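Structure, as structure tokens:
Here the structure is a predicted model, which means the values were calculated and not measured. Just follow the structure's listing: the first ligand is 1, and inside any ligand the first atom is 1. In this chain, residues are counted from 1 in sequence order.
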Amino acid sequence: MSLLIKNIKELLQVRDSHISVVKGKDMKILPSIKNAYLLIDHDTIVDYGSMDDIQNLDADQVIDATGKMVLPTWCDSHTHIVYSGNREQEFVDRINGLSYEDIANRGGGILNSAEKLQNTSEEDLYQQSAKRLQKVIKLGTGAIEIKSGYGLTVDAELKMLRVIKRLKKEFPLKVRATLLAAHAIPKEYKNDKTAFVDLVINKMIPEVAKEQLANYIDVFCEKGYFDLEDTERILKAGKEHGLIPKIHVNQFNAFGGVGVGVKYEALSVDHLEEMNIEDIDVLKNSATMPVALPSCSYFLSIPYTPARQIIDAGLPLALATDYNPGSTPSGNMNFVISTACIKMKMTPEEAINAATINGAYAMGIGTMYGSITKGKKANLIITKEIPSYAFMPYAFGENHIDNVIINGQII
Ligand code: NIG
Ligand code: FE
């Protein structure tokens with residue numbers, strides 16, 4: 001099966017295979033070919049170039065993309081899409097004056113979602129999550145990382161991870177799984193957090209590693225949740241079992257969590273709404289990707305990750321949704337990109353780099369996803385007819401996507 005896309009107005013994010021991260025000033029460059037063609041064989045990108053150079057290409061199927069852009073699908077490297085029910089009452093409570101912290105302190109928030117999930121069957125949880133996944137694929141997401149963390153018991157965390165495994169099997173997009181057992185302190189451990197951290201280390205990590213249910217280990221490193229020592233212990237144990245660190249840090253408070261992430265060679269440190277100069281410094285000379293989640297800042301009305309400061313320091317940056325019922329009930333990467341441009345002063349080139357090639361890096365799939373490169377998976381967005389790629393973030397809140405192609409198949 002071959003598929004030729006011809007007369008592409010502009011083919012975006014065309015890269016050599018050795019480029020795996022884009023950082024600093026280079027983030028302002030988005031390599032492209034105008035008036036281009038792209039050839040797919042089965043699930044793989046095999047050729048592309050200018051229409052002027054097209055050689056009498058024969059294909060089983062041809063798409064005419066006149067007036068349209070083609071780019072790699074979004075790589076959403078941070079989500080919690082496996083959850084049960086929603087939390088719109090807490091949303092209303094926040095409108096009426098309560099803070100995210102107030103709600104958590106009265107037993108709402110993550111603990112509210114954990115109770116719902118514990119009482120939901122695995123089949124029901126799968127069905128609820130599958131609907132969300134279908135929705136985000138139509139919005140252009142072709143690779144996604146999904147976390148556990150609304151289970152908080154051994155059984156419920158395993159249930160979440162089995163649901164992620166089934167999503168991986170039943171859906172064509174790329175799925176990576178993360179164990180986020182240390183997401184909140186369960187009620188039963190309120191006065192003995194160390195016992196819960198011990199449970200994570202001695203029971204959950206070994207079990208999950210043995211059943212190969214996760215690629216990554218995550219911790220919510222935050223005041224009132226898990227401190228630096230807890231984070232270190234969990235990351236160390238995770239690494240000993242082959243799980244790569246990828247952590248939640250600096251969402252509400254900056255107290256050195258980024259340094260701990262770097263010390264344990266985290267693939268990414270995510271959130272970063274609160275950043276000290278030491279956090280920026282420690283990321284230099286590391287292979288850790290900073291990840292910003294602007295939809296979370298938007299929804300909670302908290303500061304945006306200082307993208308300019310991060311990029312202007314020569315660092316890379318990735319963008320992801322954080323899709324979850326509490327802080328970001330949206331998995332729309334197009335909105336993320338618009339918001340990054342509008343609120344974080346990222347240029348469209350920086351935002352697209354952050355959501356594709358750097359997103360792929362932040363989920364460890366850069367060799368096969370995140371750019372238009374020969375040999376990579378044919379996961380593509382074909383836009384509607386638009387005047388330029390800057391029009392995508394500019395005309396925010398509108399759907400500019402005409403077609404999504406995953407593994408060479410039109411969705
Ligand atoms: O990434 N901050 C921690 N975890 C999620 C929110 C969890 C929730 O409120 O349900 C986040 O924002
Ligand atoms: Fe998150």
Taking the six-membered ring of Tyr83 (Phe, Tyr or Trp), confirm whether the NZ or CZ of Arg132 is under 6.0 Å from its centre and within 45° of its axis. yes

List, one per line, each side-chain donor-acceptor pair under 3.5 Å for residues 265-273, sequence neighbours excluded.
| unit_1 | atom_1 | unit_2 | atom_2 | d |
| --- | --- | --- | --- | --- |
| Glu265 | OE1 | Lys239 | NZ | 2.7 |
| Ser268 | OG | Lys246 | NZ | 3.0 |
| Ser268 | OG | Asp270 | OD1 | 2.7 |
| Asp270 | OD2 | His78 | ND1 | 2.7 |
| His271 | ND1 | Glu273 | OE1 | 3.3 |
| His271 | ND1 | Glu273 | OE2 | 2.9 |

Exactly one candidate in Arg308, Lys345, Lys25 meets side-chain hydrogen bond (donor to acceptor under 3.5 Å, both in side chains) with Glu350; the answer is Arg308

Criterion salt bridge (charged side-chain N to carboxylate O under 4.0 Å, His left out) on Arg162 and Glu211, from CA distance to verdict = CA-CA 10 Å; Arg162 283 194 302 268; Glu211 293 191 36; 5.3 Å; no

Paired with Pro290, the side chain to side chain contact (heavy atoms under 4.5 Å, CB included) test is passed by just one of Leu283, Ile311, Asn250, namely Leu283

Shortest non-hydrogen pair, Leu213 vs Lys165, comes out as CD2-CD, 3.8 Å

Sorted by chain and residue number, the residues having a heavy atom closer than 4.0 Å to an atom of ligand 1 are His78, His80, Arg87, Tyr100, Ile110, Tyr150, His183, Phe220, His248, Gln251, His271, Asp322, Asn324, Gly326, Ser327

With a cut-off of 2.8 Å, strictly less than, protein N/O/S atoms near the Fe ion (ligand 2) add up to 4

Tyr264 meets the ring pair (Phe, Tyr, Trp, His ring centres under 6.0 Å) criterion, sequence neighbours left out, with none

query: Would you call Glu123-Arg166 a salt bridge at under 4.0 Å N-O?
result: yes

Fill in: Charged tip of Lys376 within 45° of Tyr369 ring normal and under 6.0 Å
no

